[in-house]
Each structure stands twice: as structure tokens, then as C-alpha cells.
There are 2 protein chains.
Amino acid sequence: MTEPTGRRERKKAQTRQSLADAALELFLDRGYDQVGVKDVADAADVSVTTLFKHFPSKEALVFDQDDDLEAALVAAVRDRAPGRSIPQALREHILLARTQLAVHATDPRFADFTRMVRETPALRDYAHRMWTRHEAALALAIAEAVGAPEDDLGCAALAHFALEARGLILRHPEPHRAADEAFALLEHGWTASHPGS
Amino acid sequence: MTEPTGRRERKKAQTRQSLADAALELFLDRGYDQVGVKDVADAADVSVTTLFKHFPSKEALVFDQDDDLEAALVAAVRDRAPGRSIPQALREHILLARTQLAVHATDPRFADFTRMVRETPALRDYAHRMWTRHEAALALAIAEAVGAPEDDLGCAALAHFALEARGLILRHPEPHRAADEAFALLEHGWTASHPGS
DNA sequence: CTGTAAAAGTTGAGCCGTTGCACTTTTTGA
DNA sequence: TCAAAAAGTGCAACGGCTCAACTTTTACAG
């Protein structure tokens, strides 16, 4: 009984799912700021306190756990195609992962969802924090990839800028072009001091 | 009577000052999160409603108006010493302005103040927003300085990264070294596509 | 099975920052 | 002198979030 532990966790997961579903439904329908946590709790037929036992904040109702995010980020650097520079690998990863932290990327209303996140300050900031939280891990991965000391400032700077580039990219009407330009800048600055790819 | 308008504005300014002083005192004494707006209002002998007539939020009690900030930022680019690159000018400006958005830079407890801002998430985020709010203006100033179109992506990227570099710099134990490294990266990436300084 | 104690879940009351409203007082300028 | 503007006040309320207490469910010993 180590993995699919009992019938209890199932109910718990179900309640959690009901909350996430109700929240997405209401938020997309009326707008994030026009829906209170009480509305979500009522729609899922639980109390507000119960809601906060499942999700640490109102914003978290919309995002899934970010555990994989860090691993994927580190892997993008470590397992990059041979000959590909680290900034290039990061540009690619960020453009791809852009659509991956949603609750359900397969939902037909996915476009509405991303628009809501982009236009709601609270959600935008929350998503941004989910990324920057892994800055230290990314800096370490970069340092390992180039054989630099683990607290190397150049690696820390690249990690910082690469993650912050996301904000610039997402709010631009042509994300792909913005990414190219932003990472071209990092690419040149980076290879100047790290000749090896 | 255009400038030192009457005795009324004096009282208003005085009330405002009382609030800022009381807030700083209490925050440094007990810690930002351990003091409620009610405590500050009581200490300044006004009602909570009045407090919010003077300051738009609890965080704003600690920072002065940021009107000059944008002008100084633009000026740092426009009036930089001849031969000095834009990234270099920005590095210098950010290192200098680092200590300038406080209420009273002359206060003997200034070190405690900066430490509090650095360690209190709400204040750290607020200060960060004060900076990034002027990103568009900075991007425009850069574009003008190099004769690029006003929506040039490279200029926007440099503006974005330069302002975001602040976070990296402030949390590092040796801000000066961190600034050198971060802006060296930007410098190389920037001059690669903008040969003229 | 049964009894029991920990764990999980739930609840209502309440804190904190913030806003709106109705009202009094002060200042200003005609 | 009078009226309009502005500053201040108290109160009630809202939204996000937490706490202490209570009820259910599960796990396990006998």
C-alpha cells in the first residue's frame, strides 16, 4: 500500500479536482477578480477553509504543481543537443514550456485561459514567481554544464536574465521574434566570455 | 501663490510626514509584518481612513514618490559621458540610485532600513515594481539614443534586462561585483549588434 | 469485530489591508 | 460674509486568509 493508498486519498484528490474545475469555470466566465474564493468554494460545495487546505492561495487554484518545472529547466540545459549553446537551449525551452504550466493544456478554452493569465496582474505575478523560484537551480545547472564554480556570477546572471526574459516575451505580440531578439543579446554576451558552446 | 500655497498644504504635508515617520519607526522597531496600518495611524494620531488618503497602500508608507526616478533613468542614458556605452551608463546609474529611493537616506538607521526592504517580500516586490514601471520609458530613451525605431526589440530587451539586473545585484553580498558581471554580459551582447557606443 | 486514538476534513469566527459612504470641520476665494 | 472645496473622521463592509475547535474517517490493537 505505498502508491495507490486507500480510498481516502481518492476523495481528497476528487475534492481538489472539483475545486480546480469550479475555479477555472468561474474565472473564465466572469473574470478572475470578479470571483471570490467563497464563490469557488460554494460551487465545489465545500467551505472556504477547506479550499485553503487544498490550495495555498487563490492564484494557486489555476496552476498545477510546479515540481516538474525545475527538472525540465535543468534538463533543457544539461541534455541540450550537441553544438547548441546554453542560451539557445533556454530560448527553445521557454518558448515551448510557455503553454505547459496550465491546469489542462488540452482544454478547448486554453486560449482564453492564457489571455486571462496575461491580463490579470495577480496571476501574471504568480506565474512569474513560479519561474524565478528555480533561478538558483538553473544557475547551478549552467555552472555544471560549463565546469564553472557553483557560485559563478556569470552563470547566475545568465540564469537570471533567461528567466526574466519570459516576461518580455509573453507580453509581446510576436513572442517568437521577441525571444529571438532577447536571447540573441544573451547569446552574444555569453559566448564572449564562454567560448565553448 | 503658486508654490508655497497657504497654510493648508503645510498641515497636509505635516500629517503625511507624521505618518511616514511613525511608520518607519514602528516598522524598524517591530518588523514590517508585525505592525498593522492601525498601529501606524494611531501613532500618528489619525484614523486609518486618513492614512489611506495620504498613501495608497501600506508599502507606500516607506517609499517616496518615484516621479524623479524615471527622469533620472532617462537622463542617465541621454546625458551619459561621451564614449560611454549605454549598458555602462545604466550600470553606474543603478548602483548609485540603489540607495536613493528611501524616505530618508540620511537617517542613521539607513542600513537597517535597506535590510528590512531586502528581507520583506512585500517591500521587495513593491520596490521592484517601482523600477520596472519605467521600463517602457527607458526603452524609448535607448531607442532615441541610438536612432532606432521606438519599438525596437533590441532596445526593449536591453531596458528589460538592465532593470531586472537590479534584483540580482541587490541580493548579492557583493553588489559591485555582481553589477560588473551582469552588465558585462549585457555590454557584450549589446555592442555586438550596436557597434557605435 | 470492537474500541480507540491519530489523521483528515470541516466549520464559523475573526484578522488585516482596503474601500465606500455619510458626515463634520477647516480653509479658501469671491 | 457666504458658499464651495478639501481634509479629516467614524463606521460598516468586502475579499483573502488563518485559527481554534469540532466532527468524521481511517488505522490498528486487542
Participant: Got a sec, which residues hit side chain to side chain contact (heavy atoms under 4.5 Å, CB included) with A44(B), two or more places apart in sequence or on another chain?
Facilitator: S18(B), L19(B), A22(B), V46(B)
Participant: Tell me every residue that passes side chain to side chain contact (heavy atoms under 4.5 Å, CB included) with E181(B), counting only those two or more places apart in sequence or in another chain.
Facilitator: L153(A)
Participant: Sequence neighbours left out, what pairs pass side chain to side chain donor-acceptor pair (under 3.5 Å) with at least one residue falling in residues 141-151 of chain B?
Facilitator: none
Participant: List, with names and distances, any nitrogen or oxygen atoms from the protein found under 3.5 Å away from nitrogen or oxygen atoms belonging to nucleotides 8-13 of chain D.
Facilitator:
from, atom 1, to, atom 2, distance (Å)
dG8(D), OP1, T15(B), OG1, 3.3
dG8(D), OP2, H54(B), NE2, 2.8
dT9(D), OP2, S47(B), N, 3.3
dT9(D), OP2, T50(B), OG1, 2.5
dC11(D), N4, T49(B), OG1, 2.9

Participant: Report the residues that fulfil side chain to side chain contact (heavy atoms under 4.5 Å, CB included) with D33(B), sequence neighbours left out, ordered by chain and then residue number.
Facilitator: T120(B)
Participant: Test: ring pair (Phe, Tyr, Trp, His ring centres under 6.0 Å). Region: residues 165-188 of chain A. Which pairs qualify, not counting sequence neighbours?
Facilitator: none
Participant: Is there a residue in residues 117-124 of chain B whose heavy atoms reach under 4.0 Å of DNA chain D, and which residues are they?
Facilitator: none
Participant: Partners of R16(A) by side chain to side chain contact (heavy atoms under 4.5 Å, CB included), sequence neighbours excluded?
Facilitator: H54(A), F55(A), D64(A), Q65(A)
Participant: Would you list the pairs meeting salt bridge (charged side-chain N to carboxylate O under 4.0 Å, His left out) in which at least one residue belongs to residues 85-97 of chain A, sequence neighbours left out?
Facilitator: R84(A)-E92(A), R91(A)-D180(A)
Participant: Just checking V35(A): base, sugar-phosphate only, or nothing, at a heavy-atom cut-off of under 4.0 Å?
Facilitator: sugar-phosphate
Participant: Using whole Å, report how far CG of D33(B) lies from P of dG16(D).
Facilitator: 20 Å
Participant: Pairs in or reaching into residues 139-161 of chain B: which pass ring pair (Phe, Tyr, Trp, His ring centres under 6.0 Å), with residues at least two apart or in two chains?
Facilitator: F161(A)-F161(B)
Participant: So what is the end-to-end bend of the helix from dC1(C)-dG30(D) to dA30(C)-dT1(D), with 5 pairs used at each end and the value given to 10 degrees?
Facilitator: 0°
Participant: Using the six-membered ring of Y32(B), assess whether NZ or CZ of K58(B) lies under 6.0 Å from its centre and within 45 degrees of the ring axis.
Facilitator: yes
Participant: Per the salt bridge (charged side-chain N to carboxylate O under 4.0 Å, His left out) rule, what does the pair list look like for residues 36-56 of chain B, sequence neighbours excluded?
Facilitator: R30(B)-D39(B), K38(B)-D42(B)
